[in-house]
Amino acid sequence: MTNILDFLPEELSKEIQPLFRVKQICQWIYQRYADDFSQMSNLPKDLREKLSKIYHFSPLKCIKQEQSKDSSIKYLFELLDGLRVESVLLPMKEEKFDAEGKRLAHAKFTICVSSQVGCRSGCSFCLTAKGGLKRNLSAGEIVGQILWIKKQHKIPYERRVNIVYMGMGEPLDNLKNVAKAVQILSHNDTLAISPRRQTISTSGLAKQIKELGEMNLGVLLAISLHAVNDELRTQLMPINKAYNIASVIQAVREFPIDMRKRVMFEYLLIDGINDKIEHAKELVRLLNGIKAKVNLILFNPHQGSIYQRPSLENAVKFQDLLSSKGVTCTIRESKGLDISAACGQLKEREGGI
Ligand code: SAH
Ligand code: SF4
């Protein structure tokens, strides 16, 4: 049996004809959140029976969920082979009504998805790195996280969510399946989530950034930079030995990006390590000439971690320096901190993979 979420509608149409049947099936799956062929009442019975012998639906089983005080919700999913990954639903804006109860604005959501079980990049601050890489997720397992969460929260088809590939794993170490997930999610017959609503976050695999650029998918890029000199970056992120800062920055400069958009640089502030004003100044220099926005993240401590979280005051000083030099910069709110939202932390508490 294969996961039907692994396929683009064009691929399904090689197996299922005529074409309008594929459209009907996609409507059932992506718009009406069906999870069984028996629910597809406008399909002939023999076709339903035939398809149910070939395909299964989302293979995810949610085994734990936790709501944070700031209302983000973290899910722990079990895959068919028993391995586990996490996803997070981040409410970005509440819905708004006027005095008569007329809706003025819809609620907005971002969904953070995992791309691998574990990760082999080995960053010293990251819990996901601990067990190494177990395996890549298939495109369908990535799509399934979004579909499951949209269904669970009754987020209607028409409400597009933003996707960030910032959960467990290094998306560009699983480029083929992640690119396919982007294409499936953005297809008009599925969820129609534009690539411009999808951000791929990477620890800086320069070669794959180039490959992703050549695919011209139209996705947004986020770079986890975290340090401004190679010595420190290699300490924090061993992947820097293979792709140093200069090579990452060069790959970003060549990456095709929508004129109206920017490349996001994530900078994890770790107390006393990379959070000094000299570091901020050097960051300004590095980003010179790039349409960048910086997202400062306060290190989220976990059991056994050797690093400390810096004070918000320090983070604001860092931010002020960047802003004073004209670099757009935000401090990531501690969304989900009380439910340990940094990658890998819910899974770790539940006893690992
Ligand atoms: N592998 C990709 C995407 C997943 S990690 C990447 O590294 O970009 C998503 C983000 O979570 C990264 O910016 C990462 O640095 C950050 N992160 C990892 N551990 C963290 C921790 N303990 N506290 C805060 N952020 C963390
Ligand atoms: Fe992998 Fe990203 Fe964690 Fe580094 S921060 S170990 S690249 S998931």
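Reckoned from all heavy atoms, side chains included, excluding hydrogens, waters and symmetry mates. Predicted model only: the values in this text are computed from it and were never measured.
Expressed to the nearest 0.5 Å, how far CG of Leu5 lies from CG of Leu185 amounts to 9.5 Å. Rounded to the nearest 0.5 angstrom, Gln145 CD and Leu137 CG are separated by 6.0 Å. Distance check, rounded to the nearest 0.5 Å: CG of Asn3 to CZ of Phe57 gives 9.5 Å.
Linking Ile, Leu, Val, Met, Phe, Trp and Tyr residues whenever their side-chain heavy atoms come within less than 4.5 Å places Met215 and Ile142 in a single cluster. Note on Ile4 and Leu80: separate hydrophobic clusters, where clusters join Ile, Leu, Val, Met, Phe, Trp and Tyr whose side-chain heavy atoms are under 4.5 Å apart, directly or indirectly.
Residues Leu79 and Val117 have side chains in contact (heavy-atom distance under 4.5 Å, counting atoms from C-beta outward). Looking at heavy atoms from C-beta onward, Thr202 lies out of side-chain contact with Tyr165 at the 4.5 angstrom threshold. Considering only heavy atoms from C-beta on, Leu220 stays 4.5 Å or farther from Ile200 through its side chain. For the pair His187 and Pro9, the minimum side-chain heavy-atom distance is below 4.5 Å. At least one side-chain heavy atom of Glu49 sits under 4.5 Å from a side-chain heavy atom of Lys45.
Looking at Gln250 and Glu254, their side chains do bring a donor and an acceptor atom within 3.5 Å of each other. For the 3.5 Å distance criterion, the side chains of Ser203 and Glu170 qualify, holding a donor opposite an acceptor. Side-chain N/O atoms of Ser138 and Asn177 include no donor and acceptor closer than 3.5 Å. In this structure, a donor-acceptor pair under 3.5 Å is present between the side chains of Asp173 and Gln116.
Within 6.0 Å of CZ on Arg260 lie no more than 12 heavy atoms contributed by other residues, nucleotides or ligands. Within a 6.0 Å sphere centred on NZ of Lys291, heavy atoms belonging to other residues, nucleotides or ligands number more than 12. Heavy atoms from other residues, nucleotides or ligands lying under 6.0 Å from CD of Gln17 number more than 12. Around the CD atom of Glu10, the shell of radius 6.0 Å holds more than 12 heavy atoms that belong to other residues, nucleotides or ligands.
Between the side chain of Arg233 and the backbone N or O of Leu225, at least one donor-acceptor pair lies under 3.5 Å. Without hydrogens or angle criteria, Ser323 side chain to Gln319 main chain gives a donor-acceptor distance under 3.5 Å.
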Would you please test Glu266 and Lys293 for salt bridge (Lys or Arg N to Asp or Glu O under 4.0 Å) and show each step? CA-CA 9 Å; Glu266 293 160 278; Lys293 65 177 172 199; over 6 Å; no

After noting the C-alpha distance and the side-chain angles of Ile270 and Gln308, does the key distance pass the side chain to side chain contact (heavy atoms under 4.5 Å, CB included) rule? CA-CA 6 Å; Ile270 307 174; Gln308 314 286 319; 6.0 Å; no

Assess whether salt bridge (Lys or Arg N to Asp or Glu O under 4.0 Å) is satisfied between Asp271 and Arg309, documenting all intermediate values. CA-CA 5 Å; Asp271 191 36; Arg309 186 178 174 84; over 6 Å; no

Arg285 and Glu282: CA distance, side-chain angles, deciding distance, salt bridge (Lys or Arg N to Asp or Glu O under 4.0 Å) verdict: CA-CA 5 Å; Arg285 203 190 57 75; Glu282 185 59 20; 2.7 Å; yes

Decide salt bridge (Lys or Arg N to Asp or Glu O under 4.0 Å) for Lys317 and Asp275; before the verdict, give the C-alpha distance in whole Å, the side-chain angles of both, and the deciding distance to 0.1 Å. CA-CA 9 Å; Lys317 276 190 198 148; Asp275 61 344; over 6 Å; no

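Within the cation-pi definition used here (under 6.0 Å to the ring centroid, within 45° of the axis), Arg160 qualifies as a partner of Tyr157.
For the salt bridge (Lys or Arg N to Asp or Glu O under 4.0 Å) test, residues two or more places apart in sequence or in another chain that qualify with Asp81 are Arg135.
Ring-plane geometry between Tyr267 and His226 is classed as perpendicular, the angle between the planes exceeding 60 degrees on a 0 to 90 degree scale with a lower cut at 30.
Of the listed residues (Arg196, Arg197, Gln198), just one forms a side-chain hydrogen bond (donor to acceptor under 3.5 Å, both in side chains) with Asn162, and that residue is Arg197.
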